[in-house]
Amino acid sequence: MSPAEEAPELGDAFFARPVGEVADDLIGCELIAGDAAGIIVEVERYEESDPASHSHRGPTPRAAVMFGPPGHLYVYRSYGMHWCLNLVCEPEGRGAAVLVRALAPTRGIERMRARRPRARADRDLCAGPGRLTEALGIDGTLNGRALGGEVRVHARRGAVALVRGPRIGISRAVERPWRVGLAGSGHLSRPFPAPAEAR
DNA sequence: CGAATGATGGTCT
DNA sequence: GACCATCATTCGT
């Protein structure tokens, strides 16, 4: 069998663009973390002008990484027990990032099962921001690290169909449809709301 | 199916 | 002291 051609690895130029563009373009890309990997099927975008964003109040100690160079990891603790993975976007000085919310596992599935023994089905391994970091072994020690080391992202191959909807788990700016997903994916953290019927 | 809830600790006012 | 960019479980319909 001929060796699969590796998709190019995404670098700083990819992430230095507007966060909305990056969010769309990350859907369908493969995220690799050490011994496991998956296709990104769901993300959310956060930016400085957004009241729901950690960067909204400026570069506080926690949010400082969001204002740093693009193509770096912002990993924060959620509800005292989960880790959430973001990819910093836009030129240095702007507080924007994309939250990775769900993956379709591709490699290291046995490792993921070992790290998440309570996940019943494979579809639950990476269906949620806290779940996927646990499955991939990502924690706060990676906060502020550059992509290309322990964590890498490979470019998407073909075209993908996107779905949009309101973000999950926030209480402010809920009306902004800044959650993006891969249409028809069975690995989402939750279904997207059905489009409003025309009548 | 959905709603309710406890776990558990950092961050910011 | 309030608020969480969550998850797994339990209980109700």
Side-chain angles (χ1 to χ4, degrees), chain A residues 15 18-20 22-24 26-27 31 33 36 38 40-68 70 72-90 94-105 112-145 151 153 163-182 185-194:
Chain A
F15 293 95
V19 63
V22 177
D24 287 1
L26 278 172
I27 300 297
L31 177 78
I40 299 174
V41 297
E42 181 185 336
V43 300
E44 287 176 0
R45 57 183 275 201
Y46 289 88
E47 64 185 51
E48 211 172 334
S49 67
D50 168 14
S53 173
H54 293 167
S55 61
H56 184 61
R57 304 186 185 276
T60 61
R62 177 177 65 169
V65 175
M66 289 183 74
F67 291 82
H72 285 231
L73 310 180
Y74 168 44
V75 184
Y76 72 93
R77 202 199 274 282
S78 174
Y79 291 90
M81 54 194 114
H82 305 291
W83 297 104
C84 290
L85 171 67
N86 293 253
L87 304 175
V88 176
C89 298
E90 307 212 353
R94 299 204 210 145
V98 171
L99 168 68
V100 184
R101 287 196 54 91
L103 305 174
M112 296 186 190
R113 287 201 193 103
R115 293 188 193 104
R116 285 183 44 72
R118 294 159 81 148
R120 310 191 168 218
D122 283 359
R123 70 188 303 112
D124 297 327
L125 285 174
C126 298
R131 292 169 172 174
L132 73 89
T133 54
E134 185 171 32
L136 296 182
I138 291 172
D139 64 22
T141 63
L142 296 180
N143 185 39
R145 297 274 189 83
V151 179
V153 182
V163 203
R164 297 177 201 285
R167 292 173 293 178
I168 294 176
I170 59 171
S171 60
R172 313 161 69 151
V174 287
E175 72 286 353
R176 304 188 189 186
W178 286 353
R179 176 183 177 220
V180 189
L182 177 64
S185 171
H187 297 269
L188 301 174
S189 67
R190 292 173 42 175
F192 278 74

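In what follows, chains are A, B, ... by sequence order, proteins preceding strands, each numbered from 1.
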K.L.:
NA contact type, A/G130, heavy-atom cut-off 4.0 Å: base, sugar-phosphate, or nothing?
P.N.:
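Sugar-phosphate contact only.
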
K.L.:
Can you spot which of A/N143, A/N86, A/L87 makes a side chain to side chain contact (heavy atoms under 4.5 Å, CB included) with A/L73?
P.N.:
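Result for side chain to side chain contact (heavy atoms under 4.5 Å, CB included) with A/L73: A/L87.
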
K.L.:
Does anything in residues 78-90 of chain A pair up under salt bridge (charged side-chain N to carboxylate O under 4.0 Å, His left out), and if so which pairs, sequence neighbours excluded?
P.N.:
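Every pair satisfying salt bridge (charged side-chain N to carboxylate O under 4.0 Å, His left out) with a residue in residues 78-90 of chain A: A/E90-A/R94.
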
K.L.:
Could you tell me the separation between the OG atom of A/S55 and the CZ atom of A/R62, rounded to the nearest 0.5 Å?
P.N.:
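So the OG of A/S55 and the CZ of A/R62 are separated by 10.0 Å.
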
K.L.:
Specify the residue among A/I168 and A/A119 whose closest nucleotide of DNA chain C lies further upstream toward the 5′ end.
P.N.:
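On the 5' side of the pair lies A/I168.
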
K.L.:
Inspect the surroundings of CZ in A/R113 and state if more than 12 heavy atoms from other residues, nucleotides or ligands are less than 6.0 Å away.
P.N.:
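Above 12, so yes.
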
K.L.:
Tell me: NE2 of A/H82 to C1' of B/dT11, nearest whole Å?
P.N.:
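These atoms are roughly 17 Å apart.
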
K.L.:
Determine, for A/R118 against A/D124, whether the closest basic-nitrogen to carboxylate-oxygen distance falls under 4.0 angstrom.
P.N.:
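The answer is no: the pair does not qualify as a salt bridge.
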
K.L.:
Which part of the nucleic acid, if any, lies within reach of A/R45 when heavy atoms closer than 4.0 Å are counted: base, sugar-phosphate only, or nothing?
P.N.:
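Nothing: the residue A/R45, judged by heavy atoms under 4.0 Å, touches no strand.
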
K.L.:
Return the stems involving DNA chain B, sorted by first number, where pairs are Watson-Crick (N1-N3 with N6-O4 or O6-N4) or G-U wobble (N1-O2 and O6-N3), both under 3.5 Å, and runs are 3 or more long.
P.N.:
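The stems are B:1-7 with C:6-12, B:9-12 with C:1-4.
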
K.L.:
Check whether A/R116 reaches the backbone of A/L125 with its side chain - one donor and one acceptor, N or O, closer than 3.5 Å.
P.N.:
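The answer is yes, because a donor-acceptor pair under 3.5 Å joins these two groups.
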
K.L.:
Go nucleotide by nucleotide along DNA chain C from the 5' end; which of A/R118 and A/L99 gets its closest nucleotide reached first?
P.N.:
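Closest to the 5' end, via its nearest nucleotide, is A/L99.
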
K.L.:
Name the nucleic acid region contacted by A/R167, choosing base, sugar-phosphate or nothing; use a 4.0 angstrom heavy-atom cut-off, strictly under.
P.N.:
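Since no nucleic acid heavy atom lies under 4.0 Å of A/R167, the category is nothing.
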
K.L.:
Does A/G186 offer a backbone N or O that forms a donor-acceptor pair with the side chain of A/R123 under 3.5 Å?
P.N.:
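Between the backbone of A/G186 and the side chain of A/R123 there is a qualifying donor-acceptor contact (under 3.5 Å).
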
K.L.:
Measure the distance from CG on A/D139 to P on B/dG10 and round it to the nearest whole Å.
P.N.:
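Computing the A/D139:CG to B/dG10:P distance gives 14 Å.
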
K.L.:
Using a heavy-atom cut-off of 4.0 Å to chain A, what are the terminal contacting nucleotides of DNA chain C, in 5' to 3' order?
P.N.:
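Answer, 5' to 3': C/dC4 to C/dT9.
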
K.L.:
Does the distance from a Lys or Arg side-chain N to an Asp or Glu carboxylate O, for A/D24 and A/R45, drop under 4.0 Å?
P.N.:
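Looking at A/R45 together with A/D24, the answer is no, because their closest N to O distance does not fall below 4.0 Å.
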
